[in-house]
Amino acid sequence: MIRRAAVEDIGDHAAPAAIPFLDLRAQFANIRDEVLVAVTRVLESQHFILGPEVEALERELSGYLGSQHAIACASGSDALLLALMALGVGAGDEVITVPFTFVASVACIVRVHAKPVFVDIAPGTYNIDPAQIEGAISRHTKAILPVHLFGLSADMDPIMDIGKRYGIPVIEDAAQAIGSRYRDRMAGTIGNLGCFSFFPSKNLGGAGDGGLLTTNDSELADKLRILRVHGSRKKYEYELLGINSRLDALQAAILRVKLQHLEEWTQARQRNAGRYYELFNEYGLEEQVRLPRVPSGYWHVYNQFVVRVDHREALRDHLKRAGIPTEVYYPQALHLQPAFSYLGHKGGDLPHTELACRQVVALPIFPELSGEQQRHIVEMIADFFEEK
Ligand SMILES: *Cc1c(COP(=O)(O)O)cnc(C)c1O
């Protein structure tokens, strides 16, 4: 039905096959046998929660990321919540973060009854502007929570420097940035705590929800291992008040298979990004379509390929009619959402975030996307701007 409508809308032109925004079925087709072996192993063991499969994943991820400890949990959102719980952040405390992110980066702060204090983004990278952090610090500040948005690390050196000078811990939201490098270090392993997500659309995605915490602090690691199992080390003895946030063995087994392919998939995403740079240049669209800027010393893993345009909604409609899906991350800044209205923000408070919300659009970038499909996408964008 949708296909027919698209054909009618384009009129006489032949309609090329619709391009998916993300093609997880193509990915599965390539790893099907390995995944089925792993899943069968878990089913035969009938050990479903934590256990040896999860421990093996934790070991492999701590090796891959270069972090002393890796603690799996039930989701990226829970990883953020557990990080704040482990640091003892609570009522009356403040946590500095950005309003240009997925809601979970901020909701975790409210969940522990602390107050989110927003700092604007640097417009070139969409990540927290380190120059604005000090101005947001008060005697109540208990953590700084930068987000590595779209797969590009925030500028961690100045952030860590501020954290050290003020004695404030740094929690990295690396949910979109597994494998991303910042000056030869893995994003998510630079701060006191790193939080990762295995949501299916992330670069390392499970067959459901999953998350991970990393730290080089053994005391925090120990606390996190207790907090994720109701605050208990020994059965029915509760040292702390925790939650139930454990990773399933089935997820761990599937993630262990996928981790073997992560670098290859990341390289495919980077190759696709490179092709977009060439194509947008070839079509002379660099004025109309502002491409992501990767500062030197950074390694972008392109969980999303986000460009800025004027006339975004008209462009998206045009592309949709040509069978090209796009997404907007994020259409509305968090400081202006009803759930955070009690913070008392108004339009104009965080101008770089608000402008980004009006201009950004994400194009397909998944590893299996073909060069031909990318040319078609850029051609249709050129077609739109010719008519403008
Ligand atoms: C996906 C995501 C989360 C939450 O992860 P879930 O596993 O979906 O709970 C947190 N922060 C950011 C920036 C994300 O993209």
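Quantities reported herein were computed from a predicted structural model and do not represent experimental measurements. As a basis for the values below, the full set of heavy atoms in this structure was taken, side chains included, without hydrogen atoms, waters or symmetry mates. All ligand and atom numbering here is 1-based and tracks the order in the structure.
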Residue and atom name of the nearest protein heavy atom (relative to [atom]), distance in Å to one decimal:
atom	value
atom 9 (O) of ligand 1	S77 OG, 2.5 Å
atom 14 (C) of ligand 1	K202 NZ, 3.2 Å
atom 13 (C) of ligand 1	D173 OD2, 3.4 Å

Worksheet item: Would you say the side-chain atoms of H69 and E58 include a donor-acceptor pair closer than 3.5 Å?
Response: no
Discussion item. Using a 4.0 Å cut-off to any heavy atom of A104, which atoms of ligand 1 qualify?
Written reply: 4 (C), 10 (C)
Worksheet entry | Validation row, ring centre F150 to ring centre Y302 under 6.0 Å | no
Worksheet item: Does the ring centre of F118 sit less than 6.0 Å away from the ring centre of H345?
Response: yes
Worksheet item: Is the closest N or O pair between Y330 and ligand 1 shorter than 3.5 Å?
Response: no
Worksheet item: Going by distance only, is there an N or O of L149 that falls short of 3.5 Å from an N or O of ligand 1?
Response: no
Worksheet item: If you take all heavy atoms of I162 and P130, which pair is closest and at what distance?
Response: CD1-O, 3.7 Å
Worksheet item: Would a hydrophobic clustering, with Ile, Leu, Val, Met, Phe, Trp and Tyr connected at side-chain separations under 4.5 Å, put V301 with Y126?
Response: no
Response to the item:
Filtering G205, S197, A175 for the heavy atom nearest atom 5 (O) of ligand 1 leaves S197
